[in-house]
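The sequence lines fix the lettering, A, B, ..., with proteins before strands; numbering per chain opens at 1.
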Amino acid sequence: MNIVNFTPVPAFLGGALIGLAVVLFFVFNGRLIGISGITSNFLLTKKNRFDNFLFIVGLIIGPILYRSFTSQEINISISNSFFLLSVAGLLVGVGTRIGGGCTSGHGISGIGRFSLRSIIATITFMIVGIFTVLVKNLV
Amino acid sequence: MSKIISLVCGIIFGIGLTVSQMIDPAKVLGFLNIFENWDPSLAFVMIGALIISSPFFHLFKNNKKPIFTKSFNYTVNKKINKKLIIGSSLFGAGWGLAGLCPGPAIASLALLNINSAVFVVAMFVGFYLVKLSEPTTQAR
């Protein structure tokens, strides 16, 4: 194992911002942030629909605001195979709904409340994610 | 006021994903590539988020109500069952395939990237399929 591209300081600071959003949503609105939950509820249920909509709008304009204030380009590299992206998206959509959460809902809001269920979910999706990358590298 | 908080929380979350570079699937795949060239950054994102959020969960958990809404609105589910493990495993497989999870996938729509849009549409289909397969619990 080699350590590469490690950026601990921006990672920690960005993580702290994510934590701040989680705190504000909890203390002011009494809700937990889980992006898979907020998004699927926005699409499929009426409850809190406008709040969920505004959160999603914010999630999309956040990077745009960051880019305009810092004049830094945001570079991402993402698979360009539509087939792979569709399979992955489908798995993530189905999996997060069956498992009740994603990286934010289980990984932050759940672990932050010391929920054993969320700790087990997070360990599970990390192990399977690591295994998937391992297999992908072999193929 | 709760509407403004929802928008602001989304914005802060989106900026957090950008600052931490988790909006970039390559960073996430680097974290999952533990046996070759490992990028531990994602662990530091989680540590940062948990250090900030965890104390507040515990400080506020005995409060009667949140500041802007009538009551706390979340379900405490403690079930550790097959659904949790199967769901989380399917999610992990999709996460490892593309390096995208729901937050970064939606935030990266800001970059007008067609690839993240394809992923997001497929994810929505996934949400819908699970909803379809569930027995309806809503009142008519």
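- Residue contact with chain B, scored on non-hydrogen atoms closer than 4.5 Å, involves the backbone and the side chain of A:Ser77 alike.
- Grouping the Ile, Leu, Val, Met, Phe, Trp and Tyr side chains by contacts below 4.5 angstrom, directly or via other members, places A:Ile130 with B:Phe31.
- At least one side-chain heavy atom of A:Ser86 sits less than 4.5 Å from a side-chain heavy atom of B:Val118.
- Interface residue A:Leu24: backbone and side-chain heavy atoms are both found under 4.5 Å from chain B.
- Within a 6.0 Å sphere centred on CZ of B:Phe68, heavy atoms belonging to other residues, nucleotides or ligands number more than 12.
- Each of A:Asn48, A:Thr39, A:Val87, A:Thr122 has some count of heavy-atom pairs under 4.5 Å with chain B, and the biggest count is that of A:Thr39.
- Ranking B:Met1, B:Lys27, B:Gln21 against chain A, the residue ahead of the rest is B:Lys27, based on heavy-atom pairs under 4.5 Å.
- Shown here for B:Val19 and A:Leu17, the closest heavy-atom pair between the two residues is CG2-CD1, 4.1 Å.
- For the set A:Gly30, A:Gly19, A:Pro10, A:Gly62, the entry with the most heavy-atom pairs within less than 4.5 Å of chain B is A:Gly30.
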- Item | side chain to side chain contact (heavy atoms under 4.5 Å, CB included) assessment of A:Phe125 paired with B:Cys101 | CA-CA 11 Å; A:Phe125 63 67; B:Cys101 54; over 6 Å; no

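- Listed options B:Phe119, B:Phe124, B:Phe56 were ranked by heavy-atom pairs under 4.5 angstrom with chain A; first place goes to B:Phe119.
- Distance check: A:Ile64 CD1 to B:Ile11 CD1 gives 10.0 Å after rounding to the nearest 0.5 Å.
- Residue B:Leu17 touches chain A through both its backbone and its side chain, counting heavy-atom pairs closer than 4.5 Å.
- Per-residue heavy-atom pair counts under 4.5 Å with chain A were compared for B:His58, B:Lys79, B:Met46, and the maximum is reached by B:His58.
- For the pair B:Ile52/A:Val23, a side-chain contact is recorded, criterion being any heavy-atom separation below 4.5 Å from C-beta on.
- Environment of CZ in A:Phe53: sparse, with no more than 12 heavy atoms of neighbouring residues, nucleotides or ligands closer than 6.0 Å.
- Here A:Ile74 is the residue among A:Ile74, A:Val135, A:Ile123 with the most heavy-atom pairs under 4.5 Å with chain B.
- Using a 4.5 Å cut-off between heavy atoms, A:Leu65 contacts chain B through its side chain alone, with no backbone atom that close.
- The OG1 atom of B:Thr69 lies 11.0 Å from the CZ atom of A:Phe28; values are rounded to the nearest 0.5 Å.
- Between B:Glu36 and A:Val133 there is no side-chain heavy-atom pair separated by less than 4.5 Å.
- A:Lys136 places a side-chain N or O within 3.5 Å of a backbone atom of B:Gly96 that can act as its donor or acceptor partner.
- Connection of A:Leu44 to A:Phe50 is established within a shared hydrophobic cluster, with ILVMFWY side chains joined at heavy-atom distances below 4.5 Å, either directly or through further cluster members.
- Heavy atoms only, all atoms of each residue included: A:Ala88 and B:Gly94 are closest at CB-O, 3.5 Å.
- Annotation: maximal heavy-atom pairing with chain A below 4.5 Å, among B:Ser88, B:Ala105, B:Ser54, occurs at B:Ser88.
- Atom OH of B:Tyr74 is surrounded by more than 12 heavy atoms from other residues, nucleotides or ligands within 6.0 Å.
- Among A:Ile56, A:Leu85, A:Leu116, the residue making the largest number of heavy-atom pairs under 4.5 Å with chain B is A:Leu85.
- With respect to chain A, the highest number of heavy-atom pairs below 4.5 Å among B:Leu109, B:Ile51, B:Ile15, B:Asn37 belongs to B:Asn37.
- When the side chains of ILVMFWY residues are joined at heavy-atom separations under 4.5 Å, either directly or via intervening members, A:Val128 and A:Ile119 end up in two distinct hydrophobic clusters.
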- Item | A:Val22/B:Phe57 under side chain to side chain contact (heavy atoms under 4.5 Å, CB included): CA gap, chis, key distance, verdict | CA-CA 9 Å; A:Val22 169; B:Phe57 283 135; 3.5 Å; yes

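- Considering only heavy-atom pairs separated by less than 4.5 Å from chain B, the leading option among A:Gly101, A:Ser118, A:Gly34, A:Ser109 is A:Ser109.
- Heavy atoms of A:Ile33 lying under 4.5 Å from chain B belong exclusively to its side chain.
- For B:Ser133, no part sits under 4.5 Å from any heavy atom of chain A, backbone or side chain.
- Both the backbone and the side chain of B:Lys83 come within contact range of chain A, each with at least one heavy atom under 4.5 Å from a heavy atom of that chain.
- Counting heavy-atom pairs under 4.5 Å between each of B:Ala98, B:Gly92, B:Pro104, B:Ala26 and chain A puts B:Gly92 at the top.
- Residues B:Ser6 and A:Phe25 approach most closely at OG-CE1, 3.7 Å, considering heavy atoms.
- Transitive grouping of hydrophobic side chains (ILVMFWY, heavy atoms separated by less than 4.5 Å) keeps B:Trp95 and A:Leu91 in distinct clusters.
- For an aromatic pair to be called close, the ring centres must be under 6.0 Å apart, and A:Phe6 with B:Phe44 satisfies this.
- The structure places OG of B:Ser108 at 9.0 Å from CD1 of A:Ile60, a figure rounded to the nearest 0.5 Å.
- Among the candidates A:Val9, A:Val27, A:Leu20, A:Thr124, the residue making the largest number of heavy-atom pairs closer than 4.5 Å to chain B is A:Val27.
- In this structure, the side chains of A:Thr96 and B:Val130 stay at 4.5 Å or more apart for every pair of heavy atoms.
- A heavy-atom distance below 4.5 Å is not found between the side chains of B:Phe91 and A:Ile98.
- No side-chain N or O of A:Asn5 forms a donor-acceptor pair with one of B:Ser41 less than 3.5 Å apart.
- The CD1 atom of A:Ile38 sits 8.0 Å away from atom CZ of B:Phe13, with the distance rounded to the nearest 0.5 Å.
- A donor-acceptor contact shorter than 3.5 Å links the side chain of A:Asn29 to the backbone of B:Ser2.
- Side-chain contact between A:Thr103 and B:Met22: absent, with no pair of heavy atoms (C-beta onward) separated by less than 4.5 Å.
- With rounding to the nearest 0.5 angstrom, the CG atom of B:Asn113 is 9.5 Å from the CG atom of A:Asn80.
- The minimum heavy-atom distance linking A:Arg117 with B:Ile80 is given by the pair CA-CG1, 3.8 Å.
- Annotation: the span from B:Ile23 atom CD1 to A:Asn75 atom CG amounts to 11.0 Å, rounded to 0.5 Å.
- Heavy-atom minimum distance, B:Leu50 versus A:Gly107: CD2-O, 4.1 Å.
- Using a 4.5 Å cut-off between heavy atoms, B:Ile85 touches chain A through backbone and side chain atoms alike.
- With a threshold of 4.5 angstrom between heavy atoms, A:Leu90 approaches chain B through its backbone and through its side chain.
- The part of A:Leu134 that comes within reach of chain B is its side chain, from C-beta onward, which places non-hydrogen atoms under 4.5 angstrom from that chain.
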- Message: Under the criterion side chain to side chain contact (heavy atoms under 4.5 Å, CB included), I'd like the reasoning laid out for B:Thr18 against A:Arg67: C-alpha separation, chi angles, the key distance, then a yes or no.
- Response: CA-CA 9 Å; B:Thr18 313; A:Arg67 186 171 53 191; over 6 Å; no

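- Here the closest heavy-atom approach between residue B:Leu84 and residue A:Ala121 is recorded as CD1-CB, 3.8 Å.
- Using a 4.5 Å cut-off between side-chain heavy atoms of Ile, Leu, Val, Met, Phe, Trp and Tyr, with links allowed through other members, B:Val28 and B:Ile34 fall into the same hydrophobic cluster.
- The environment of NZ in B:Lys82 is sparse: at most 12 heavy-atom neighbours from other residues, nucleotides or ligands sit within 6.0 Å.
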